Enquirer: 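Have a look at this one before I ask anything.
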Amino acid sequence: MAELRFDGKVVVVTGAGAGLGRAYAHLFASRGAKVVVNDLGGGRHGDGSSSKAADTVVDEIKSKGGTAVADYHSVVDGDKLIKTALDNFGRIDILINNAGILRDKSFARISDQDWDLVHAVHLKGSFKTTQAAFPIMKKQGFGRIVMTASNSGLYGNFGQANYSAAKMGLIGLAKTVAIEGARNNIHCNVIVPTAASRLTEDILPPDVFQALNPEYIAPVVAYMCHDDCEENGSVIEAAAGWAGKCTIIRANGTLLRSPESDNVSIENVKQNWSKITDITNYSLLSSIQEATGALIESLDASGTKEGTNNQDSDETDVFEYTDKDLILYALGVGTTVADPTEIKFLYEGHEEFSTLPTFFVLPALQSVMTSSTTTSAIPGKDIDLSNILHGEQYIEILSFPTGGKLVSKCKVAEVLDKGSGAAIVSDVDTFDNNGNLVIKNQIVTFAVGAGRFGGSRNGTKLVPCIQKPNRSPDLTLTQKTSLDQAAIYRLSGDRNPLHIDPNIAAVAGFEKPILHGLCSLGFSVRVILKSYADYDISLFKACKVRFTKPVVPGQTLRVDMWKEDNRIHFETVVVETNTVVITGAYVDLKSIKMSATSLKSDAIFEFIIEQVKNDPGKAKSIGGVFHYKITKDGKEVKQWTMDLKNAKVYEGAPENKPNTTLTISDEDFMLLAEGKLQPQQAFMKGKLKITGNIMLAQKLAPLLKTNAKL
Ligand SMILES: *[C@@H]1O[C@H](CO)[C@@H](O)[C@H](O)[C@H]1NC(C)=O
Ligand SMILES: *[C@@H]1O[C@H](CO)[C@@H](O)[C@H](O)[C@H]1NC(C)=O
Ligand SMILES: *[C@@H]1O[C@H](CO)[C@@H](O)[C@H](O)[C@H]1NC(C)=O
Ligand SMILES: *[C@@H]1O[C@H](CO)[C@@H](O)[C@H](O)[C@H]1NC(C)=O
Ligand SMILES: *[C@@H]1O[C@H](CO)[C@@H](O)[C@H](O)[C@H]1NC(C)=O
Ligand SMILES: *[C@@H]1O[C@H](CO)[C@@H](O)[C@H](O)[C@H]1NC(C)=O
Ligand SMILES: *[C@@H]1O[C@H](CO)[C@@H](O)[C@H](O)[C@H]1NC(C)=O
Ligand SMILES: *[C@@H]1O[C@H](CO)[C@@H](O)[C@H](O)[C@H]1NC(C)=O
């Protein structure tokens, strides 16, 4: 077998002045690594310091042709220690946290000072050094870290309470560093050595001391740090030329709840104690997901209420809110005082204080999140809680609730087998104070990896998504989300750290915390209400969306809209990456009311309305019904009717068949009214389109002559 080498690698070994650390340093150097030999030079009890121990080891390595430098910092100054590696060798690949001190005393006699000192050296020291090395390893895409634990930690040992606690703490630290580093090829493992060392030399009998030569352990540690070694998050015990992995096992245990009730009594526990503690049958667990997953599976297998009969279980859930919650939600979905038409969502004293309809997804979400039916929706199948995604959402408002208290009932309507995962379709009915059904929600969660259970693929209860029309959008609006969008939105209830904690987001595989899907939904629906309902929330009927990709706070959302009668199809796109994040979506409105904001023609029509009112005879003398279609950026944005026969001018399409229909842009209509554009000219150039009775249109001129009065 080829010699395993460490050429080009830079290794830091803490506490390398003697014993194990010295053995590690020598071995790595002999295989081509550049070594930082750290040692405070202190005595066994961690007091005093001289540079001698580290210097001696460096000299020994150099005399054998190796490369090494000494470092005398305390591990508590981990950043300085790592800096020594960077200053001398420009990188750090391998970190062996080995430094330690002993302070044995029986538990009752440990002073705070003894406790703190031991924790400072073992636990905090390893933390500081590792934290300093981690970002460099991350950038390199390579890192190997070893922590040094002890049997005193795994099993306890008389007189070593402080030491045991610190050593076991290192195992937890290593396991989490392993999880967080895995994506960047940083592995972190633990060595549990039993070796004779400076720390133990006068505790052990001489023959035992000899058998426990550190040189038996160093190769195990070195291999754990080699490129070839895939081990990660493991605890390896080594002593006297032997090595083996330690792991956590859990007894299969027993269910304490009786089938009849959810009750567990102390007596049940006593009766079952021998089963709880019998480890004849056990599972080997290596991750928190496995631990929780296996637990859910064991619940299912034992046929609890939810496990077998979930389709019928109905749970109720109370949701209370005040105007503050409504305002916070509005801010969370991008409402701003910068737009005067949005103040009514942000100010409870506003005479038209309004609730964004999508606020009412919140009681449903709360209901589903607290329900036990979701995780046990597939009989005989455990659902990995860390792998659930919000897939689709439907909300329908039957009547806007007025009170601040709602009660929701949640049930799993159906579970679809999508192969790669399971789609859990939950229906949530929300009732007002008087028990009237006011809101219906349907939440589809997608459980990754829970598919292939033999279920049907197509739903019968699922509210389907609908394809957008096959043409370019009728209307498009963009708005940038704020960097704080998720930070604000989460205060409305979904406090999943994925949306705010960069570390959690990284573990979940995202570069940055992501925006809540329901926040992008609220954002988009708000834009549609602004465009097609003039923010008249009473026009909202229902909405359906499918979430396809996450949004990062700070990105710009573009909502593309297609109007088909009272249904507005839409798609939401992240402008920066041109990624579609919401698809198959629509909002159903009771009727359309185009936003009145910023149309120049509005003022002209207001003027015409005044004129007609002042002189109805003149209007009637022209006669006929004129239908105006006003466009902006090529899209129709508003309609007006001039029913001169009855001297009535109003917004919207005519009630009766018009004699003449005119289509013109907002800008050109303004120019026309100002006399800067001649109607014939506009018509010839195609700026004014007329259908129906063209001759009749010519009679309109005097009515449109507004000149400088605007
Ligand atoms: C732990 O505390 C005891 C009692 O205070 C002390 O004597 C002993 O040295 C400490 N252990 C270590 C490893 O420092
Ligand atoms: C450690 O890294 C390996 C290989 O990169 C990976 O398969 C494993 O999941 C990681 N372990 C943990 C606990 O993250
Ligand atoms: C549990 O059982 C006790 C005794 O039978 C009973 O008093 C109590 O109400 C039960 N609790 C629940 C939550 O069922
Ligand atoms: C364990 O607890 C269950 C539920 O209370 C009970 O029915 C059963 O008898 C107990 N098992 C034993 C072995 O006592
Ligand atoms: C362990 O599993 C075996 C085989 O299923 C079973 O016979 C035995 O009763 C189990 N022991 C315990 C303590 O559960
Ligand atoms: C114990 O649990 C493990 C993991 O769930 C399972 O593989 C094993 O079959 C169980 N053993 C018995 C006897 O139930
Ligand atoms: C059911 O799903 C399959 C596969 O996706 C599809 O081909 C089929 O048309 C669907 N059937 C119905 C009735 O929707
Ligand atoms: C407008 O059309 C109606 C029929 O739709 C017709 O009766 C009426 O005479 C027309 N008005 C003018 C002014 O042409």
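Ligands are counted one by one from 1 in listed order, and the atoms in each one are counted from 1 as well. Count residues from 1 along the sequence. Computed from a predicted structure; not experimentally measured.
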Enquirer: Between Phe127 and Phe134, is the gap from one ring center to the other below 6.0 Å?
Expert: no
Enquirer: What short N/O contacts, under 3.5 Å, does ligand 8 make with the protein, listed by atom pair and distance?
Expert:
from     : atom 1 : to     : atom 2 : distance (Å)
ligand 8 : 2 (O)  : Asn659 : OD1    : 3.4
ligand 8 : 2 (O)  : Asn659 : ND2    : 2.3
ligand 8 : 11 (N) : Asn659 : ND2    : 2.8
ligand 8 : 14 (O) : Asn659 : ND2    : 3.4

Enquirer: Quick one: are the ring centres of Phe605 and Tyr650 less than 6.0 Å apart?
Expert: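 No, the ring centres sit 6.0 Å or more apart.
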Enquirer: Compute whether any side-chain donor of one residue and acceptor of the other, for Asn157 and Ser164, lie under 3.5 angstrom apart.
Expert: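 Distance-only check fails for Asn157 and Ser164.
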Enquirer: Going by the salt bridge (Lys or Arg N to Asp or Glu O under 4.0 Å) test, which pairs reach into residues 224-236, not counting sequence neighbours?
Expert: Lys9-Asp227, Glu231-Lys245
Enquirer: Any idea which atoms of ligand 2 are less than 4.0 Å away from a heavy-atom of Glu230?
Expert: 4 (C)
Enquirer: Hey, is the main chain of Val625 close enough, under 3.5 Å, to the side chain of Asn659 for a donor-acceptor pair?
Expert: yes
Enquirer: List every atom of ligand 2 that sits less than 4.0 Å from any heavy atom of His187, numbering the atoms from 1 in the order shown and giving each element.
Expert: 2 (O), 4 (C), 5 (O)
Enquirer: Look only at the side chain of Asn184 and the backbone of Ile186, and say whether a donor-acceptor pair between them is shorter than 3.5 Å.
Expert: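 Not a single qualifying donor-acceptor pair exists.
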Enquirer: Could you say whether the N/O atoms of Lys175 and ligand 2 ever approach to under 3.5 Å?
Expert: no
Enquirer: In ligand 2, which numbered atoms sit nearer than 4.0 Å to a non-hydrogen atom of Ala178?
Expert: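 Near Ala178, meaning under 4.0 Å from one of its heavy atoms, ligand 2 has 14 (O).
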Enquirer: I'd like to know if the side chain of Asp71 pairs up with that of Asn38 as donor and acceptor (distance under 3.5 Å, no hydrogens or angles considered).
Expert: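 A donor-acceptor contact under 3.5 Å links the two side chains.
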Enquirer: Donor-acceptor pair, distance only, cut-off 3.5 Å: does the side chain of Arg144 make one with the backbone of Asp93?
Expert: no
